[in-house]
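Each chain gets a letter, A, B and so on, in the order the sequences are listed, and its residues count up from 1.
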Amino acid sequence: MKRWIPHPLLAAALFIMWLLLNQSVSPGHVVLGAVVALLASRAMAALRPEPVRLASVTPVLELAGLVLADVIRSNLAVARAVLFPRPRVSGFVRVPLDLTNIHGLTVLSCIVTATPGTLWVQFDRTSGVLLIHVLDLIDEEAWVRLLKTRYEARLLRIFAQ
Amino acid sequence: MIEAPDLPVWAALLVGLLVVGGAAFALIGSLGLLRLRSFYDRVHAPTLGSTLGVALIVTGSMLCFSVLQSKTLVHELMIFILVSLTTPVTLMLLARAALYRDRTSGSGDVPLTDDDASN
Amino acid sequence: MTTLALAIAITAAQIMLGLAMGCAAWRTFLGPRAQDRILGLDTLYVNGMLLLLTFGIQTGRTIYFEASLIIALLGSVGTVALAKFLMRGEVIE
């Protein structure tokens with residue numbers, strides 16, 4: 001199993017993408033998609049990416065729900081900030097992270113940047129300090145706490161270190 | 001220019017609301033691009049269009065084509081996935097480039113080096 | 001009646017997206033620095049992609065979907081290349 005499908009998650013994602021693009025689940029497309037997914041994920045193995053190891057799957061759904069709610073809420077907040085400008089302070093915040101898994105960091109960076117109002121600027125791998133920019137900065141500590149308890153704790157549980 | 005697909009009332013209502021809502025978010029995001037003061041503030045604005053704006057319009061499009069062809073079509077999800085994966089990467093790179101330029105030219109109130117991370 | 005209402009809604013959305021593209025283009029034109037122009041360009045293509053999707057809904061043709069898929073896939077490449085170019089710090093204003 002491990003030898004034939006070196007990257008099962010990647011292969012599954014490619015397979016679903018193929019079916020979505022062709023808009024059909026006919027047997028022909030299923031077979032062709034499976035072949036493409038297997039070959040492409042084996043080609044990917046030549047690049048030697050760090051394998052994704054999930055320690056736990058249940059927090060994934062929890063995290064997805066949280067991110068959805070946060071994106072909608074901060075969309076409304078930023079829309080309000082644009083339409084009805086009021087004096088506000090924006091600035092940089094430094095967040096010390098315990099997360100070291102590269103896939104976990106990737107997911108975190110996508111979450112932070114996709115949420116309007118926060119922007120991932122730079123991460124220093126040696127010191128583990130992340131620099132983010134916040135549009136509506138009221139309490140620096142609150143942002144650090146929010147990022148660490150809301151996202152990082154769950155990502156630490158999802159990805160095996 | 002005035003034309004529209006022939007949809008049942010409930011679908012027409014939903015599609016109309018979703019499309020107008022998505023367009024409104026995209027417009028507010030682009031307006032923010034003009035109204036916000038500094039570059040780092042402005043980077044936040046386009047995310048409005050590329051998260052909720054894209055999500056709403058893509059949902060409207062999926063609903064419209066699913067009703068028109070009377071089968072479930074979800075291939076528009078691809079657009080949503082691609083946009084929500086690529087936009088954070090581009091904005092992150094752009095912010096880092098801007099930070100680098102501000103640091104080298106010494107302009108603006110940006111954190112200078114990573115060494116003062118402890119305070 | 002419903003068709004007319006939907007047509008008006010879609011046209012309104014298209015006008016809004018057109019205005020959004022105008023805002024992004026104006027920021028690209030205005031600057032003041034190179035990163036602002038790139039940000040404007042990035043917003044411009046996302047808005048353009050959304051406009052194409054609304055044209056797809058309006059006409060019921062799937063060809064617009066293909067076009068917006070290509071923009072979603074490749075639009076970011078230009079922004080990434082420009083940002084990388086800025087990162088080298090060799091652009092003198």
Side-chain angles (χ1 to χ4, degrees), chain B residues 1-9 11-13 15-17 19-24 26-34 39 42-43 45-46 49-50 53-54 57-58 60-61 64-65 68 75-76 78-83 85-87 89-98 100-101 104, chain C residues 1-17 19-24 26-27 30 32-36 38-40 42-44 46-47 49-51 53-54 56-60 62 65 68-69 71-73 75-77 79-80 82-89 91:
Chain B
M1 276 315 279
I2 296 280
E3 63 166 299
D6 215 358
L7 293 173
V9 178
L13 203 66
V15 169
L17 280 179
V19 168
V20 170
L27 179 58
I28 293 171
S30 306
L31 211 62
L33 202 62
L34 283 185
F39 170 75
R42 285 196 281 266
V43 182
S50 59
V54 172
I57 290 188
V58 159
S61 176
C64 172
F65 282 104
L68 274 184
H75 60 281
E76 273 100 341
M78 285 287 302
I79 290 181
F80 177 68
I81 295 170
L82 284 174
V83 168
L85 281 183
T86 54
T87 312
V89 177
T90 56
L91 291 184
M92 234 181 294
L93 263 174
L94 200 56
R96 283 189 58 179
Y100 176 83
R101 298 188 84 202
T104 46
Chain C
M1 182 59 206
T2 16
T3 312
L4 182 67
L6 182 59
I8 290 171
I10 292 175
T11 310
Q14 281 165 348
I15 292 171
M16 280 155 95
L17 285 169
L19 284 176
M21 283 177 83
C23 289
W26 185 240
R27 178 50 75 191
L30 215 61
R33 301 193 66 197
Q35 52 261 44
D36 288 296
I38 299 176
L39 188 64
D42 190 72
T43 319
L44 187 71
V46 173
N47 288 333
M49 190 203 72
L50 290 177
L51 190 60
L53 272 179
T54 58
I57 297 175
Q58 192 176 40
T59 56
T62 49
F65 162 74
S68 40
L69 188 70
I71 297 182
L73 193 63
S76 64
V77 177
T79 317
V80 169
L82 286 168
K84 272 283 178 198
F85 185 61
L86 284 193
M87 201 96 101
R88 292 170 152 217
V91 188

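Using a 4.5 Å heavy-atom cutoff, the side chains of B:Val54 and C:Met49 are in contact. Between B:Thr86 and C:Thr79 the shortest side-chain heavy-atom distance does not fall below 4.5 Å. Residues B:Leu91 and C:Leu39 are in side-chain contact: their nearest non-hydrogen atoms beyond the backbone lie under 4.5 Å apart. Here the side chains of C:Arg33 and B:Phe39 are not in contact, with every heavy-atom distance at 4.5 Å or above.
Looking at every heavy atom in both residues, B:Tyr100 comes nearest to C:Leu86 through CD2-O, 4.4 Å. In terms of heavy atoms, C:Asn47 sits closest to B:Ser30 at ND2-OG, 2.9 Å. Taking every heavy atom of both residues into account, C:Gly60 and B:Leu68 meet most closely at CA-CD1, 4.4 Å. Heavy atoms only, all atoms of each residue included: C:Lys84 and B:Leu93 are closest at CE-CD2, 4.3 Å. The two residues B:Gly16 and C:Ala9 have their closest heavy-atom pair at CA-CB, 4.1 Å. Considering every non-hydrogen atom in both B:Leu33 and C:Gly40, the closest pair reads CD2-CA, 4.0 Å.
The number of heavy-atom neighbours closer than 6.0 Å to CZ of B:Arg42, taken from other residues, nucleotides and ligands shown, is above 12.
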- prompt: Can you list the steps and then say if C:Gln35 with B:Val43 is a side-chain contact (heavy atoms from CB on, under 4.5 Å)?
  reply: CA-CA 10 Å; C:Gln35 52 261 44; B:Val43 182; over 6 Å; no
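For B:Ile28, no part lies under 4.5 angstrom from a heavy atom of chain C. For chain C, the nearby parts of B:Ala24 are the backbone and the side chain; heavy atoms of each come within less than 4.5 Å. Only the side chain of B:Phe65 comes within less than 4.5 Å of a heavy atom of chain C; its backbone N, CA, C and O stay farther away. With a threshold of 4.5 angstrom between heavy atoms, C:Asp42 approaches chain B through side-chain atoms but not through N, CA, C or O.
Annotation: the span from B:His75 atom NE2 to C:Leu69 atom CG amounts to 9.0 Å, rounded to 0.5 Å.
For the side chain to side chain contact (heavy atoms under 4.5 Å, CB included) criterion with C:Ser68, the lone passing option out of B:Ile79, B:Ile57, B:Val58 is B:Ile79.
Interface remark: of the candidates B:Leu34, B:Leu31, B:Ile81, B:Leu34 forms the most heavy-atom pairs closer than 4.5 Å to chain C. Of the residues considered (C:Leu30, C:Asp36, C:Val77, C:Leu53), C:Asp36 shows the highest number of contacts with chain B, using heavy-atom pairs under 4.5 Å.
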